[in-house]
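Accompanying notes for the structure given below.
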Amino acid sequence: MTDNLLEDFRQLGLVAQASSEEALETHLRSGSRTVYAGFDPTADSLHIGNLVPLLALRRFQLAGHRPILLVGGATGMIGDPGGRNTERELKTREQVIRSLDRIRAQASRFLDFDCGDNSAVVVDNAQWTESMTVIDFLRDIGKHFSVNAMIAKESVRRRIEDDSIGISYTEFSYMILQSYDFVVLNRRYDCTIQMGGSDQWGNITAGIDLIRRMEGKQAYALTYPLLTRSDGSKFGKSTGGAIWLDASMTSPYAFYQFWRNASDDDAVKWLGIFTFLDSVEIERLATAMAQDPGARAAQITLADEVTRLVHGDEGLATARRISEAMFANSLGSLEADDLSQLALDGLPVTMSSGQVTLMEMLVESGLAVTPRGEVTLGQARKLIKGNAVSINGIKITDEDYVLDADNALFGRYHILQKGKKNHHLVVQKSKDPGFH
RNA sequence: GGAGGGGUUCCCGAGUGGCCAAAGGGAUCAGACUGUAAAUCUGACGCGUAAGCUUCGGUGGUUCGAAUCCACCCCCCUCCA
């Protein structure tokens with residue numbers, strides 16, 4: 001780490017655009033600053049996409065600055081024209097408060113909320129937006145915006161030029177609300193920097209302009225590149241959807257596997273963004289990977305580091321334990337205790353009693369999902385026919401195969417595998433009252 | 001309010017009376033090859049073992065037969081007012 005935070009960010013690949021870079025550098029060096037990033041409260045948990053700004057905020061905090069997490073209780077109801085054009089659901093007051101708490105709880109893994117002057121803060125923009133009257137809005141804020149300029153913004157122009165979608169006035173106004181957020185934070189917290197994805201550039205600079213007009217002050221923008229995977233697909237999705245930070249929504253094991261599966265092209269890049277390893281170490285891993293890509297050194301380190309960051313040492317340990325068992329071809333060496341531990345560790349489990357056909361079990365376990373997301377017997381059949389199913393490490397092609405105590409490990413465990421990476425544990429119910 | 005253009009299976013997008021469960025591409029899932037990578041190739045991709053059943057904005061209608069024709073309605077876009 002140098003004493004130049006912006007330069008560090010640049011080296012980590014965290015900078016897409018920055019406003020008046022030299023002035024921003026000086027600004028950051030000359031005192032403790034306040035920086036904010038917005039978070040959408042639409043989901044039940046933060047996901048790994050949110051990890052990028054979250055960890056960037058942590059870097060700010062480690063460098064002595066104060067991070068603010070702005071939860072879009074108000075703007076979340078509207079929808080950013082830059083984002084998907086699906087209608088937003090209105091959030092009730094309680095929902096927003098709940099997600100506020102949740103975001104604070106999840107963010108507290110990375111940010112310090114109790115360290116004096118640069119403690120992290122969570123705020124909700126509904127606080128100052130909700131009670132504003134239309135007249136106030138138009139008179140005090142709206143007049144500062146030139147429609148000509150707004151139309152010229154990339155995010156808006158794209159929507160206007162696309163004949164099939166268009167843009168509603170509501171969405172069009174999103175930029176104004178976000179700009180006003182920046183003004184309020186500037187007033188209340190002396191917040192001078194806003195960070196966001198590169199798609200936020202237009203909105204952020206609009207905020208800077210508004211601060212100049214209303215407050216006569218200088219503010220700064222910093223955007224990070226939106227992550228795409230090297231194959232162009234959307235970052236953060238995996239089989240079955242988003243990767244959440246909440247352990248009950250995405251198990252530490254699944255979380256770990258996501259990172260461990262990173263492509264070669266992504267792995268090194270992600271080490272910079274998602275871990276706090278120093279550049280020497282990252283460099284070393286990059287070299288190691290170039291020499292022996294099969295060893296997957298970068299992926300393993302990436303998975304270790306990020307999982308530890310999000311789920312702690314214990315979460316990492318269980319994730320690794322399952323991974324070892326499932327991928328190291330060591331099914332045969334597992335003891336009964338190991339298998340029951342896997343269940344406790346968060347490998348997906350289904351209980352069964354007596355005899356069940358393989359097809360039924362594929363459905364019950366949810367492994368037989370169609371590409372469309374439904375779970376059907378037909379899909380189960382196709383998978384078996386397609387040579388995709390194994391039990392306890394052995395391919396099964398018999399559609400009539402039946403799971404029972406006789407072909408189970410230790411009389412009660414079946415490890416059901418679909419494809420290469422989907423594992424499921426089936427446990428025969430026992431009369432043993434100690435087990436449930 | 002007026003004129004015009006649209007709404008097709010997860011997405012894009014063909015299809016304008018039977019050969020349509022609906023071309024093609026993407027996404028997704030699986031197989032092969034590998035390194036739990038990428039690329040590539042193969043298969044699947046509404047439900048069902050099958051017979052068959054349910055789809056093309058909605059509701060009715062014409063027809064032996066409709067995604068395709070007609071009526072009304074809903075929604076989206078463009079231009080005009």
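Quick caveat, the model's predicted, so the values are computed rather than measured. Residue numbers start from 1 in every chain, and the chains themselves are labelled A, B, ... in the order their sequence lines are given, proteins ahead of strands. Atoms considered below: every heavy atom in the structure, side chains included; atoms not considered: hydrogens, waters and symmetry mates.
In this entry the distance linking CD of A:Q417 with P of B:C29 reads 16 Å, nearest Å. Going from atom CG of A:D264 over to atom P of B:A39 covers 11 Å, rounded to whole Å. If you take CG of A:D292 and P of B:U36, they are 12 Å apart, rounded to a whole angstrom.
For the P atoms, the distance from B:A30 to B:U78 is 41 Å, rounded to whole Å. Taking the P atoms as reference points, B:U42 lies 24 Å from B:U36, given to the whole Å. Nucleotides B:G24 and B:C74 have their P atoms positioned 37 Å apart, rounded to a whole Å.
For the 3.5 Å distance criterion, the side chains of A:K153 and A:T205 qualify, holding a donor opposite an acceptor. Between A:D266 and A:S263, the side chains place a donor N or O and an acceptor N or O closer than 3.5 Å (distance only, hydrogens not considered). Between the side chains of A:Q379 and A:T370, no donor N or O sits under 3.5 Å from an acceptor N or O.
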At a cut-off of 3.5 Å, list every protein nitrogen or oxygen paired with a nitrogen or oxygen from nucleotides 40-46 of chain B, distance to 0.1 Å.
unit_1 : atom_1 : unit_2 : atom_2 : d
B:G46  : O2'    : A:R372 : NH1    : 3.2

Quiz: residues 288-301 of chain A side-chain donor-acceptor pairs under 3.5 angstrom, not counting sequence neighbours:
unit_1 : atom_1 : unit_2 : atom_2 : d
A:D292 : OD1    : A:G294 : N      : 3.4
A:R296 : NH2    : A:R260 : O      : 2.8
A:Q299 : NE2    : A:A262 : O      : 2.9
A:Q299 : NE2    : A:D264 : OD1    : 3.0
A:T301 : OG1    : A:A297 : O      : 2.9

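With a 6.0 Å radius and a threshold of 12 heavy atoms from other residues, nucleotides or ligands, A:Q127 has its CD atom above the threshold.
For the side chain to side chain donor-acceptor pair (under 3.5 Å) criterion with A:T350, the lone passing option out of A:E364, A:H424, A:H414 is A:H424.
Ring centers of A:F9 and A:F60: under 6.0 Å apart, within the cut-off.
Note on ring orientation: taking the six-membered ring where Trp is involved, the planes of A:H47 and A:W244 are perpendicular (angle over 60°, cut-offs 30° and 60°).
Judged by the 6.0 Å distance and 45° axis criteria, A:R59 is positioned over the aromatic ring of A:F276.
Along RNA chain B, the nucleotide nearest A:E399 and the nucleotide nearest A:N261 are compared for position; the residue whose nucleotide lies closer to the 5' end is A:N261. Place A:Q257 and A:K395 on RNA chain B by their nearest nucleotides, and A:K395 ends up nearer the 5' end.
At a non-hydrogen distance threshold of 4.0 Å, A:R296, A:Q299 from residues 296-310 of chain A come into contact with RNA chain B.
Using the Watson-Crick or G-U wobble rule with both distances under 3.5 Å, B:C33 pairs with nothing in any strand shown.
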